[in-house]
Amino acid sequence: MELRPYQKEAKEAVLAQWNDGIQRTLLVLPTGCGKTVVFAKITEECVRNGKRVLILAHRGELLSQASDKIEKACGLKCAVEKADETCLDSWYRITVGSVQTLMREKRLNNFSPNYFDVIIIDEAHHAVSDSYTRILDHFANAAVLGVTATPDRGDMKNLGKVFQSLAYEYTLPKAIREGYLSPIKAVTIPLQIDFTGVSVQAGDFKVSDIDTALDPYLYQIAEEMKTYCLNRKTVVFLPLVKTSQKFRDILNQAGFTATEVNGESSDRTEILEDFDKGKYNVLCNSMLLTEGWDCPSVNCVVVLRPTKVRSLYSQMVGRGTRLCEGKTELLLLDFLWHTERHELCRPACLIAENEEVAKKMTEKIADAGCPVDLEGAEKAAADDVVAEREQALAKQLAEMRKRKKKLVDPLQFELSIQAEDLSSYVPSFGWEMSPPTKKQKETLEKLGILPDEIDNAGKAKMILDRLEKRRIEGLATPKQIRRLEMYDFQHVGAWTFEQARKMISRIAASGWKVPANVVPKEYVPE
């Protein structure tokens, strides 16, 4: 099986981390981008080098999926460590193992601590739980790879306690642009669902409270869906099984051909096959289908189980992002969840780099009143945010002119070069959170940046890397940018070193005044 370019990059990046002595690393790929294929090929490489590999997952479907993919992609078979099945005495060098089975002390004690050389964790956002920790602690010398769909920052902070680095990340917008996932259009349904009484439990909305808040609106939601979903293959996520079954009946009354599936469905396989073949056009479920189920022809997702957890939201939407013949886009229905106390995931959370852009995107999608392409909405929102930041920068610069400092404030530098990744950076891993080193501070000061305003080593490294990249590209230095912005020149962060040097020389030759024929706010360098 030939890997796609980003899959090759991902595989090489993971192996490079292990070769560099980083024992536990992460791989982030959006749902539908073939993460199982990537770790299958990594497994093949490990086996070729004589290593024994354990693939851990928390659900039987994921174990079967991994085993099947490894056999198809690499021609290798797997032993099983689950319930009554064991890999001990098997000559296969790959084991797919159930976390619920291996976490038991009696089961773990059957294995020497060095039995597995490599451990791969599927759906690694679960790896912070005690069950995984117990297994990883037992096989403490094994190299570890965690694979997950796009996590939110909260996840990354937690995962930073288990993993030492992020080896590779492939983003949802990039996957869509490069043609590996379906474009996403979102539409905000003008139906306000009162969510103020919903409480939070274990970091997310309490399911029973969601169900109570949602119930009065089910008939209205079905009517709204008739406008968009009658001719689409739709998956609906709901909080509880009884609500899922009730909504199935409501949809059928409204003219849909709907069915429902849950963990107790004895005919679950048959229902999913019938839905795939087109016997039904809506499939309702109570969070059963967030992982381990693929149906590429799904072209509409309705999330009636609001969540604060971005990884969970991504999993739900991911059921419809795969490519399929005749499918032009995924339609994502978003409702006006009325809440005064809680932030919840919305379509903008899937691709926005920060909360500021996500908030602006959500406003634009709601104002449109029709399906809006997420990438287009993100660009428009990002442009608005940049414009607002420039206004704020102008105000800040006016105040900074009064301050005679030899060095440039890092915030001013970030705003000047419009470095969104720097201004929104949050450290995740241990070394990033520690204070800047003495060498980092000395280098920053040498390059014209005030180091006192940088409080962690991760941010210091990012700024130093950006300064080096700008030097190689021949762009203006922080001191040049600050000097020219004091004279009201615009977008100096995009000027070259030579363009900045020449203008500063002209100003100096004019007695440190702007030349008479130059209007700074309108000036564009040659």
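The chain is numbered in sequence order, starting from 1.
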Could you walk me through whether Asn354 and Glu420 pass the side-chain hydrogen bond (donor to acceptor under 3.5 Å, both in side chains) test, one step at a time?
CA-CA 9 Å; Asn354 59 56; Glu420 197 170 292; 3.0 Å; yes

For Ile120 and Leu56: C-alpha separation, side-chain torsions, deciding distance, then whether side chain to side chain contact (heavy atoms under 4.5 Å, CB included) applies.
CA-CA 6 Å; Ile120 296 175; Leu56 275 178; over 6 Å; no

Walk me through it: do Asp452 and Lys441 pass the test salt bridge (Lys or Arg N to Asp or Glu O under 4.0 Å)?
CA-CA 8 Å; Asp452 301 0; Lys441 287 185 175 182; over 6 Å; no

Full working for side chain to side chain contact (heavy atoms under 4.5 Å, CB included) between Met103 and Leu108
CA-CA 7 Å; Met103 65 174 280; Leu108 273 178; 5.9 Å; no

Between Asp122 and Arg59, is a salt bridge (Lys or Arg N to Asp or Glu O under 4.0 Å) present by the stated rule, with each step listed?
CA-CA 10 Å; Asp122 196 7; Arg59 286 176 56 181; over 6 Å; no

Applying salt bridge (Lys or Arg N to Asp or Glu O under 4.0 Å), run through Lys359 and Glu363 and close with a yes or a no.
CA-CA 6 Å; Lys359 185 177 179 181; Glu363 292 171 3; 5.1 Å; no

Quick one, Arg93 with Lys51, criterion side chain to side chain contact (heavy atoms under 4.5 Å, CB included). Give me CA distance, side-chain angles, the key distance, then yes/no.
CA-CA 7 Å; Arg93 301 196 71 81; Lys51 295 178 180 178; 5.8 Å; no

Does the pair Glu356 and Arg389 meet the rule for a salt bridge (Lys or Arg N to Asp or Glu O under 4.0 Å), with working shown?
CA-CA 11 Å; Glu356 201 175 357; Arg389 283 181 179 173; 2.9 Å; yes

Verdict with supporting geometry, Thr321 and Ser182, side-chain hydrogen bond (donor to acceptor under 3.5 Å, both in side chains):
CA-CA 5 Å; Thr321 53; Ser182 175; over 6 Å; no

Walk me through it: do Gln315 and Glu123 pass the test side-chain hydrogen bond (donor to acceptor under 3.5 Å, both in side chains)?
CA-CA 10 Å; Gln315 291 283 5; Glu123 307 296 352; 2.9 Å; yes

Take Tyr6 and Tyr168 through the test ring pair (Phe, Tyr, Trp, His ring centres under 6.0 Å) and record every step on the way to the result.
CA-CA 9 Å; Tyr6 70 85; Tyr168 187 85; 7.5 Å; no

Side chain to side chain contact (heavy atoms under 4.5 Å, CB included) between Gln164 and Thr25, intermediate numbers included:
CA-CA 6 Å; Gln164 298 163 281; Thr25 192; over 6 Å; no

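Salt-bridge check for Arg134 with Asp130: failed, with every basic side-chain N at 4.0 Å or more from each acidic carboxylate O. Taking the charged nitrogens against the carboxylate oxygens, Arg466 and Asp421 do have a contact shorter than 4.0 Å, which makes a salt bridge. Here Glu44 does not pair with Lys11 in a salt bridge; the nearest charged N to carboxylate O distance is not below 4.0 Å.
Of all heavy-atom pairs spanning Ala358 and Ala348, the tightest one is O-CB, 3.4 Å. Closest non-hydrogen pair, Met361 versus Ala381, comes out as CG-CB, 3.5 Å. When all heavy atoms of Ala186 and Pro347 are compared, the closest pair comes out as CB-CB, 3.8 Å. Across every non-hydrogen atom of Tyr180 and Pro5, the tightest pair is OH-CD, 3.5 Å. In terms of heavy atoms, Val301 sits closest to Val317 at CG2-O, 4.1 Å. Across all their heavy atoms, Ser112 and Phe139 have their closest contact at O-CE2, 3.5 Å.
The local environment of CD in Glu105 is sparse, with at most 12 non-hydrogen atoms from other residues, nucleotides or ligands closer than 6.0 Å. Atom NZ of Lys69 is surrounded by 12 or fewer heavy atoms from other residues, nucleotides or ligands within 6.0 Å.
To the nearest 0.5 Å, atoms CG (Leu447) and CD1 (Ile463) are separated by 11.0 Å. If you take CD1 on Ile119 and OH on Tyr132, they are separated by 11.5 Å, rounding to the nearest 0.5 Å. Expressed to the nearest 0.5 Å, how far CG of Leu166 lies from CD of Gln17 amounts to 8.5 Å. Here the straight-line distance linking atom NZ of Lys185 with atom CD1 of Ile365 works out to 12.5 Å at 0.5 Å rounding. Put simply, CD1 on Ile351 and CD on Glu375 are 6.0 Å apart, with the number rounded to the nearest 0.5 Å. Distance check: Lys461 NZ to Leu444 CG gives 12.5 Å after rounding to the nearest 0.5 Å.
At least one donor-acceptor pair under 3.5 Å links the side chain of Glu432 to the backbone N or O of Ser428. In this structure, Asp334 contributes its side chain and Val187 its backbone to no donor-acceptor pair below 3.5 Å. Panel note: side chain Asp204, backbone Lys308; a donor-acceptor pair is recorded below 3.5 Å. No donor-acceptor pair under 3.5 Å is formed between the side chain of Gln499 and the backbone N or O of Phe497. Not a single donor-acceptor pair under 3.5 Å links the side chain of Glu445 to the backbone N or O of Glu442. Side-chain atoms of Gln7 come within 3.5 Å of backbone N or O of Arg4 as a donor-acceptor pair. Judged by distance alone, with hydrogens and angles left aside, the side-chain atoms of Glu522 form no donor-acceptor pair with the main-chain N or O of Val519 at under 3.5 Å. In terms of modelled atom types and a separation under 3.5 Å, the side chain of Glu485 and the main chain of Gly493 share no donor-acceptor contact. Formation of a donor-acceptor pair under 3.5 Å by the Thr95 side chain with backbone atoms of Gly97 is not found in this model. In terms of modelled atom types and a separation under 3.5 Å, the side chain of Gln23 and the main chain of Ala140 share a donor-acceptor contact.
Geometrically, Arg483 engages Trp512 in a cation-pi contact, judged by NZ or CZ lying under 6.0 Å from the ring centre and within 45° of the ring axis. At least one cation-pi condition fails for Arg482 and Phe413: the charged atom is not both under 6.0 angstrom from the six-membered ring centre and inside a 45 degree cone around its axis.
Tested against Val144, the residues Val118, Ile121, Val162 include a single side chain to side chain contact (heavy atoms under 4.5 Å, CB included) partner, Ile121. Checking Glu468, Arg470, Lys469 one by one against Ile472, the side chain to side chain contact (heavy atoms under 4.5 Å, CB included) holds for a single residue, Glu468.
Between Tyr115 and Phe111, the two ring planes are perpendicular [angle over 60°; tilted spans 30° to 60°]. Aromatic ring orientation, Tyr523 versus Phe489: perpendicular (interplanar angle above 60°, classes split at 30° and 60°).
Using a 4.5 Å heavy-atom cutoff, the side chains of Leu102 and Leu54 are in contact. Contact annotation: the side chain of Glu378 never approaches that of Lys364 to less than 4.5 Å [non-hydrogen atoms, C-beta and beyond]. Side-chain atoms of Tyr313 and Leu350, non-hydrogen and from C-beta on, do get closer than 4.5 Å to each other. Between Leu331 and Pro371 there is a side-chain heavy-atom pair separated by less than 4.5 Å.
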